[in-house]
Amino acid sequence: MGENLPRVPGGARLRCDTLGRPVQTLRVKMVLLGGSGVGKSTLAQRFVKDEFRMTTPTVGCAYLTRVVHLSNVSLRFEIWDTAGQEKYHSVTPLYYRGAHAALLVYDISKRETFIRAQVWLKELEKHYIEGSTVVWLVGNKGDLEEDRQVSVQEGQGLANDRGLFFIETSALSGDQVSNLLIDVAHRVYECTGAQQGGLSEWQEAPLGDLHHRDTSSLMTSCCKVGP
Amino acid sequence: MSQRTERRGIHVDQSDLLCKKGCGYYGNAAWQGLCSKCWREEYQRVRQKQIQDDWALAEKLQREEEAAYASSHGAQTQSHTQSTAPQTHPGHTSLGPFSKFEEKKTNEKTRKVTTVKKFFSPSSRTAPKKETQEVRTTSPSLSRHASFETDQVSKDFVDFLKNLQKPGREIHKQCRAFIVNMSGKKDLGADELSECVQDFYQSMADRLMSHYKGSSESVEQVMDQVEKYIMTRLYKSVFCPETTDDEKKDLATQKRIRALHWVTIQMLCVSMDEEIPEVSENVVKAITDIIEMDSKRVPRDKLGCITRCSKHIFSAIRITKNEPASADDFLPALIYIVLKANPPRLQSNIQYITRFCNPSRLMTGEDGYYFTNLCCAAAFIEKLDAQSLNLSPEEFERYMSGQASPRINSSDADWPGAGQTPDVVATNPVLAQLNHNLELLSSLNSRQETVMEAAQSLQADLLSWPQAVKREVQEILEKYPLQILPRTVSAIDANNMDNENLPPPLTPQVFAG
């Protein structure tokens with residue numbers, strides 16, 4: 001929705017509801033983490049596929065976008081797929097810098113991917129800032145019930161221990177996938193969207209906060225340019 | 001009559017083909033009917049005039065501002081100074097709000113005005129004052145007669161701002177002032193420079209935002225132009241500055257990539273099949289794009305190069321695998337491309353983009369994603385070890401030290417000669433092509449040889465045939481020699497016995513008529 005709609009301050013875009021009131025569109029960066037072959041890219045494709053209008057046809061599915069409409073706001077998810085191979089583990093922190101949501105994906109039919117997910121989690125926690133990133137533990141390939149090696153209780157238990165959200169999905173059948181996205185959207189908006197500017201942009205270090213506050217107040221007073 | 005006019009429409013007169021200036025040479029429609037020589041002169045003239053106009057405009061703006069300033073110098077400035085003085089950081093580059101800029105000018109009015117004016121006026125070269133000289137010596141990139149590129153960018157910027165009218169002037173003024181200010185801060189560390197620029201972006205964006213009342217489309221447009229203008233101007237002084245060890249890192253990376261020349265596409269598990277012509281075409285394009293990045297000045301243009309490179313990689317993977325590429329495929333492929341390309345000043349470019357790009361573009365959005373991947377690739381190459389290529393440490397050591405080459409050794413450790421061909425074919429498409437051609441040539445050669453043999457045997461056959469025929473004839477002649485039998489001549493009726501019994505032959509009778 002609305003690739004070329006006008007935007008509101010902070011990089012957000014405008015959408016109008018039925019009464020013509022503008023609805024903000026905020027940008028959300030969501031990272032998919034997890035070992036190779038757990039179905040991250042399929043999950044990402046599934047997120048996007050459900051949308052009415054396909055986004056511009058892409059040659060790759062490593063970076064995808066999807067707009068989710070909540071009651072009073074729209075969130076434009078920018079979905080970043082990451083390389084899951086173990087040898088790239090050391091460089092992945094670069095991906096989740098500044099992410100608003102992280103999905104930690106494992107394959108319920110392969111125990112080692114669950115163990116890998118815990119390694120990822122440890123890494124993530126090193127960079128994790130309380131309240132800035134919503135982390136979700138996702139047990140994927142729910143359709144392979146007969147090959148299950150990781151029980152629901154185990155997954156839920158890990159999530160509870162570490163304060164994560166938990167869900168089991170099937171990217172193949174699409175089961176629970178859109179629910180997951182909606183849940184993430186709500187949670188992200190609650191956690192970060194409420195603080196103004198928390199979603200629209202991100203900076204590695206706050207640059208001269210005090211200074212900015214000064215300038216913004218002054219700016220309005222001297223703003224005599226333009227019509 | 002009508003036919004004639006029609007014909008005239010098509011007909012091109014000799015004089016139409018000639019240069020419009022009448023110099024006697026032929027003109028060209030692409031040069032507005034001028035010949036190449038006249039066109040060059042004309043173009044130069046127009047361009048000079050345009051530049052002069054721009055200077056004049058800038059100067060006029062400056063004069064206007066001074067006049068306005070002088071008239072309102074009294075109470076207003078005083079109150080301004082008082083209200084804003086506490087926030088002044090004379091050393092701070094961020095010129096955020098315009099009011100601050102003006103207030104600052106109150107403090108250093110004389111200096112600034114002369115400096116800025118010197119900048120604007122074309123005569124600045126002839127009358128350098130002490131202050132100006134100071135600025136000039138600290139920033140050669142600013143004082144030096146602007147290169148073509150910067151010229152062009154300044155011109156574009158002025159053109160763009162003209163459409164914005166009044167706010168355009170303000171923006172122009174601020175940018176100029178910022179550049180002047182930055183030129184005095186060359187000694188600062190890269191991080192501080194980055195902070196100054198980022199602060200400037202931030203305050204400019206805030207201002208524009210309040211001016212356009214939330215239409216961030218237009219704000220972004222203006223910001224892109226501002227970034228383009230400022231960074232083109234500052235590029236020389238802030239790209240790979242001496243205060244950092246960027247250059248050292250560049251060299252280290254370059255050396256490292258060179259040392260890793262032996263890494264094959266298989267070791268990285270890249271799913272690109274370069275034997276498919278379309279794929280190898282995309283690979284070449286990706287390599288070109290990533291190399292081109294260094295030639296761009298504006299951070300956003302550099303990002304554009306990375307994005308284009310990534311798109312080519314995605315196409316290559318898609319063609320090979322027949323399905324959209326995931327990040328699992330993409331990152332190894334990008335690493336491979338970086339290793340192949342060995343892009344110049346990779347670290348400096350990454351640092352430059354990180355420091356001076358508009359942050360909203362960098363951390364989110366597609367460009368941001370690809371840039372992050374490039375950072376990952378660079379980090380991976382730095383840390384790359386035996387394990388990441390699925391090699392044993394000994395093998396890795398041997399390859400790194402150049403004692404062995406995987407292309408020869410993998411198939412036959414001791415005898416490079418044996419089994420070399422299939423391996424080479426597998427690793428290098430050019431060699432494969434070469435080999436293929438060689439095979440073709442050798443098969444052609446053997447075919448030609450058979451043809452020659454056949455021809456020779458045919459010749460031999462041809463030679464031997466008449467002899468054989470001759471011999472055969474001889475043999476037959478010998479076998480059946482020519483016999484001439486004695487000839488017996490006899491009358492037809494010699495054997496008739498009863499001749500006597502025959503009646504006498506009829507005698508002709510003559511009838512008298």
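Letters go in sequence order (proteins before strands), and every chain restarts at 1. This one's a predicted model, so the numbers in the text were calculated from it and none came from an experiment.
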Would you mind telling me which of B:Ser388, B:Gly168, B:Ala379 has the largest number of heavy-atom pairs within less than 4.5 Å of chain A?
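Sorted descending by pairs with chain A, the first entry is B:Ser388.
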
Using non-hydrogen atoms and a 4.5 Å limit, figure out which bit of B:Ile313 sits close to chain A: side chain, backbone, both or neither.
neither

A:Glu112, CD: over 12 other non-hydrogen atoms inside 6.0 angstrom
yes

For B:Gln387, is the CD atom crowded, meaning more than 12 foreign heavy atoms sit under 6.0 Å from it?
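Check fails, neighbour count at 12 or below.
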
Need one label for A:Thr82: side chain, backbone, both or neither, based on atoms under 4.5 Å from any heavy atom in chain B.
backbone

Nearest 0.5 Å, what's the CG-OH distance between B:Asn373 and B:Tyr370?
8.5 Å

Rounded to the nearest 0.5 Å, what separates atom CG in B:Leu339 from atom CD1 in B:Ile381?
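The CG atom of B:Leu339 sits 4.0 Å away from the CD1 atom of B:Ile381.
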
Is any side-chain heavy atom of A:Tyr189 less than 4.5 Å from a side-chain heavy atom of A:Leu26?
yes

Among residues 31-39 of chain A, which ones touch chain B with a heavy-atom distance under 4.5 Å?
A:Ser36, A:Gly37

Can a side-chain donor-acceptor contact be found between B:Asp328 and A:Tyr88 if the only test is distance below 3.5 angstrom?
no

Who passes side-chain contact (heavy atoms from CB on, under 4.5 Å) against A:Ser109, sequence neighbours left out?
A:Asp107, A:Leu144, A:Asp147

